[in-house]
Amino acid sequence: MKTMKNIDSFTHVRGESLFVDDLQLRQDALIGLCFDSPKAHGKITSVDYSKAEALDGVVKIFTYKDVLGENQIGGIIPDEPLWAEDEVHFWGQPIAFIIAKTEAIAKKARALITIEIEELPVITTAKEAKEKKSFINAPRSFKLGDSKNTFANCEYVFEGETFSNGQEHLYLETQGCYAVPLENGTIKLTSSTQGPTQVQKTAAKVLGIPMHKIEVDVIRLGGGFGGKEDQATPWAVMTAVAVQHLNKPVKYMLNRHDDLRMTGKRHPYSSFYKIGLTKDLKISAFEVEFLQNSGAAADLSPAIAERTLFHATNSYFIPNVTTTVFSCKTNLPPNTAFRGFGGPQGMFVIESAIADAANKIGINKKQIQEANLLSENDTFSYGQIATKVEAKNTWFTAKDTFNLEKTEQEIANFNAENKHYKKGISLMPITFGISFTNTQMNHARALVHIYQDGSVGVSTGAVEMGQSVNTKMLQVAQTVLGISTSKVKLETTNTTRVANTSPSAASSTADLNGKAVEMACTSLLERLTKVAANILSSEEKNISFKEDFVFVADKKSTLTWEAVIMQAMAERVALSENAHYATPKIHFDKSIEKGHPFAYHVYGTAITTVTVDCLRGTYEIDAVKIIHDFGKSMNLGIDIGQIEGALAQGIGWMTMEEIAYNTNGKLLSNALSTYKVPDIFSAPKTIETIPLETEGHDLAIQKSKAVGEPPLMYGIGAYFAIQEAVKAFNPNYTLKFHAPFTPEKVLMGLYEE
Ligand code: LUZ
Ligand code: MOS
């Protein structure tokens with residue numbers, strides 16, 4: 001396998017890549033630090049800033065009173081102040097912003113602020129919020145067929161409850177921004193955000209100035225995972241407010257503790273399912289009530305709730321479905337986008353329901369899975385007709401390629417021979433819809449300049465966050481223009497070059513921005529073709545550009561790319577192009593909850609094997625073997641990297657990452673000593689990813705399907721493989737669907753009576 005390396009790898013390994021924290025500060029730059037709520041819910045009766053303000057080196061402390069525009073940062077619903085006014089709704093909610101000469105002084109000042117809060121009742125769980133009717137917005141329901149009346153005709157009907165916990169994004173680079181005043185009230189924000197336009201728009205609103213006075217520049221992110229789709233905004237806006245008042249640069253990088261405490265995470269979900277099957281194991285009816293723990297403000301919760309409904313049936317066709325989701329308002333930091341965006345939470349529930357049914361019927365889970373896999377022209381509960389379906393193809397290819405029968409036999413033999421170690425296995429199919437579920441967000445632009453020496457600069461709305469989107473953009477420009485890698489440069493993501501962008505999210509960044517790059521380069525190529533045809537006295541239809549030369553009827557001429565560009569300059573041909581792409585064919589009607597919201601779906605199947613140490617409750621993931629539908633991958637090295645990273649993240653979510661708040665709403669898992677993430681020792685011993693051979697999809701960039709989020713859901717397989725091992729050791733174990741399946745819970749399961 002030989003594919004282009006991530007174009008950042010050279011500067012990454014040498015430590016030369018620039019992040020916000022690497023920027024050389026202007027000499028008069030100041031440092032910001034948030035003062036946040038030490039209680040999860042209450043009325044602020046008094047705050048005393050006097051001692052902090054008196055400290056030498058403290059410049060000013062900003063509060064909501066200093067906001068000249070609106071003190072409001074809510075994107076979907078305006079329900080979140082930038083700084084708390086007279087009430088606080090979560091532990092860690094920003095109240096004030098200290099500006100000092102150094103970070104040490106700012107920290108000292110923060111410790112000198114005293115606050116009195118009249119405490120109000122705290123809700124930390126979704127179930128409690130539902131009982132108290134504490135919601136973010138109205139519930140949403142998807143409906144297909146008639147589940148209610150189908151259960152009566154089912155051979156088997158089972159009901160149960162599941163829980164999946166939240167997840168900390170743990171981007172290596174914490175949230176932060178460096179804000180610099182330019183002339184005439186313009187402010188430049190170098191932000192670590194997935195959504196430069198969201199930062200620009202919100203800053204303009206809070207400062208009460210037009211968007212053109214805010215320039216947002218994003219160099220790259222040290223990881224985002226959804227955590228910087230919406231929640232990079234407040235810190236950037238705070239620095240902007242400070243600059244507006246002080247006319248001096250202000251930098252604010254959150255330290256890890258502050259970041260963990262103040263930012264939202266993946267949404268915990270409590271869910272209640274009812275599943276009905278026929279005698280021949282067809283799932284004929286399925287109902288779920290999802291309770292999403294949204295936290296104290298909407299943030300992206302309504303959109304995430306929606307995606308839970310979109311993925312509630314995973315890779316299965318179920319003719320009668322009713323799913324409902326409640327976004328429950330609690331006193332946790334507003335939970336937010338996290339790789340998968342509610343999809344994983346939905347998929348955990350259907351997999352749990354199937355495991356429950358199989359266990360009670362007394363068969364293997366995979367029999368039910370296999371009997372219900374999606375086929376061509378099946379209807380999803382939201383009305384989209386499934387086409388180019390690869391659910392069965394990946395499933396059966398995985399079974400064959402990875403020799404499932406033999407593996408199962410080996411596991412059975414191992415379990416028969418070993419008393420204190422047991423192995424388990426699971427199959428995990430995935431189906432993930434590609435597009436922002438909000439149709440109007442599916443657009444992007446690219447601005448391509450060809451400089452007069454033949455070098456090319458490409459700007460898009462795509463944010464590089466380690467997913468290598470810039471490498472893919474470079475590949476697109478390079479293949480369309482027929483020039484070598486070194487001639488193309490990817491510029492930073494900047495709102496003055498590419499405006500009104502959607503965030504880099506929804507696995508769609510390469511598709512949307514790549515299509516725009518392709519369009520811009522194609523337009524430029526048309527012009528250059530004319531120029532070249534003229535020089536060579538040939539017909540345009542015979543001209544092509546390859547390997548930095550012009551080809552005539554597929555024969556290399558002596559005319560170089562540079563010579564064509566020089567001639568184009570002389571002829572005053574435009575060498576810059578701006579293109580706009582909007583995904584065709586997609587639509588969704590929320591009034592009936594039906595439509596065709598996704599450009600296409602990504603499919604795959606993972607086989608996971610684990611070994612449980614039945615004395616200790618610890619486990620190892622022996623292997624995860626995956627057949628994945630990449631379409632026609634444009635860069636298999638990068639795409640397999642995405643699979644491996646997402647898989648590790650999914651396994652972490654399902655098996656070890658345990659977010660804990662106490663009943664007062666204080667985050668207990670507030671450091672890496674108390675929050676366990678996968679490391680090299682807990683990674684699967686083997687990860688094998690084999691691309692499914694397919695034609696790809698026209699709406700995918702160069703037929704190379706989106707890859708960012710779908711593979712996270714393979715991690716769900718680990719939960720069920722561990723459960724199989726526990727069952728093998730302890731026949732009295734009753735299945736539980738309460739993720740993460742930590743060693744502690746495994747141990748209790750092993751010795752449950
Ligand atoms: N962000 C968003 C997303 O705003 N809409 C989406 O549909 C989405 N899907 C996945 C991840 N982020
Ligand atoms: Mo996202 S969960 O920012 O694609």
Side-chain angles (χ1 to χ4, degrees), residues 144-147 149-160 162 273-288 311-323 346-381 385-405 407-409 411 424-432 601 603-608 625-627 629 692 713-714 716-717 719-721 723-724 727 735 737:
L144 178 70
D146 179 358
S147 57
N149 290 308
T150 306
F151 285 118
N153 305 323
C154 286
E155 176 81 10
Y156 309 106
V157 178
F158 305 105
E159 289 180 67
T162 73
Y273 62 83
K274 185 172 179 184
I275 187 168
L277 299 95
T278 63
K279 212 169 174 173
D280 54 359
L281 304 181
K282 290 277 182 203
I283 305 171
S284 51
F286 184 53
E287 289 184 355
V288 193
H311 294 91
T313 56
N314 190 17
S315 299
Y316 311 107
F317 171 65
I318 307 178
N320 301 286
V321 180
T322 308
T323 51
M347 284 155 70
F348 179 66
V349 178
I350 178 77
E351 294 301 324
S352 297
I354 291 173
D356 182 23
N359 187 55
K360 287 178 180 153
I361 298 170
I363 55 170
N364 193 299
K365 178 174 185 253
K366 71 165 192 268
Q367 289 173 256
I368 299 180
Q369 292 176 299
E370 192 169 304
N372 293 280
L373 291 170
L374 272 171
S375 302
E376 201 67 11
N377 296 321
D378 279 343
T379 307
F380 289 101
S381 68
I385 307 293
T387 56
K388 295 195 166 204
V389 181
E390 306 290 358
K392 287 182 179 160
N393 199 358
T394 59
W395 176 276
F396 290 107
T397 307
K399 278 176 74 172
D400 279 357
T401 311
F402 302 127
N403 227 326
L404 180 68
E405 254 177 66
T407 312
E408 284 174 331
Q409 193 53 52
I411 288 176
I425 186 166
S426 77
L427 277 84
M428 181 66 201
I430 59 144
T431 296
F432 197 80
H601 289 82
Y603 300 90
T605 298
I607 300 181
T608 304
K625 298 187 177 182
I626 298 166
I627 299 292
D629 163 29
L692 184 77
M713 276 67 82
Y714 291 136
I716 296 172
Y719 188 98
F720 295 96
Q723 191 156 62
E724 286 300 309
K727 260 166 60 178
L735 266 50
F737 307 104

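Just the heavy atoms: all of them, side chains too, but no hydrogens, waters or symmetry mates, feed the values below.
- The aromatic rings of H311 and F432 sit parallel to each other, their planes meeting at less than 30°, with 60° as the upper class boundary.
- Annotation: side chain of V321 is not in contact with side chain of F380 (no heavy-atom distance under 4.5 Å).
- Side-chain contact check for Y316 versus L373: some heavy-atom pair is nearer than 4.5 Å.
- Rounding to the nearest 0.5 Å places CD1 of I283 at 4.5 Å from CD1 of I350.
- A 4.5 Å side-chain heavy-atom check between F402 and I627 finds at least one atom pair inside the cut-off.
- Using a 4.5 Å cut-off on side-chain heavy atoms (C-beta onward), I425 and E724 make no contact.
- Distance CD1/I318 to OG1/T379: 13.0 Å, rounded to 0.5 Å.
- Put simply, the side chain of V389 does not reach to within 4.5 Å of the side chain of D378, judged on heavy atoms.
- Side-chain contact annotation: T322 with S147, donor-acceptor N/O pair under 3.5 Å present.
- Within the structure, every pair that satisfies the salt bridge (charged side-chain N to carboxylate O under 4.0 Å, His left out) test and touches residues 348-366, not counting sequence neighbours, is listed here: E351-K365, D356-K360, K366-E408.
- Atom CD of E376 is separated from atom CD1 of I385 by 10.5 Å, given to the nearest 0.5 angstrom.
- Listed by chain and number, the residues in a side chain to side chain donor-acceptor pair (under 3.5 Å) with K392 are S375 (sequence neighbours excluded).
- Counting only heavy atoms from C-beta outward, the side chains of W395 and E370 approach each other to under 4.5 Å.
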How far apart are the C-alpha atoms of T407 and I607, what are their side-chain angles, what is the distance that settles it, and do they pass the side chain to side chain contact (heavy atoms under 4.5 Å, CB included) test?
CA-CA 10 Å; T407 312; I607 300 181; 5.8 Å; no

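- Taking the six-membered ring where the residue is Trp, H601 and Y603 present tilted rings, their angle falling between 30° and 60°.
- Side-chain atoms of N320 come within 3.5 Å of backbone atoms of S284 as a donor-acceptor pair (strictly under, hydrogens ignored).
- Residues passing the side chain to side chain contact (heavy atoms under 4.5 Å, CB included) test with N359 are K727, L735, sequence neighbours excluded.
- At least one donor-acceptor pair under 3.5 Å links the side chain of S426 to the backbone N or O of G717.
- In this structure, the separation between CZ on F286 and NZ on K274 is 12.5 Å, given to the nearest 0.5 Å.
- Side-chain atoms of Q369 come within 3.5 Å of backbone atoms of L427 as a donor-acceptor pair (strictly under, hydrogens ignored).
- Residues I354 and N372 are not in side-chain contact: their nearest non-hydrogen atoms beyond the backbone lie 4.5 Å or more apart.
- In this structure, T605 and I430 have side chains that are not in contact, with every pair of non-hydrogen atoms separated by 4.5 Å or more.
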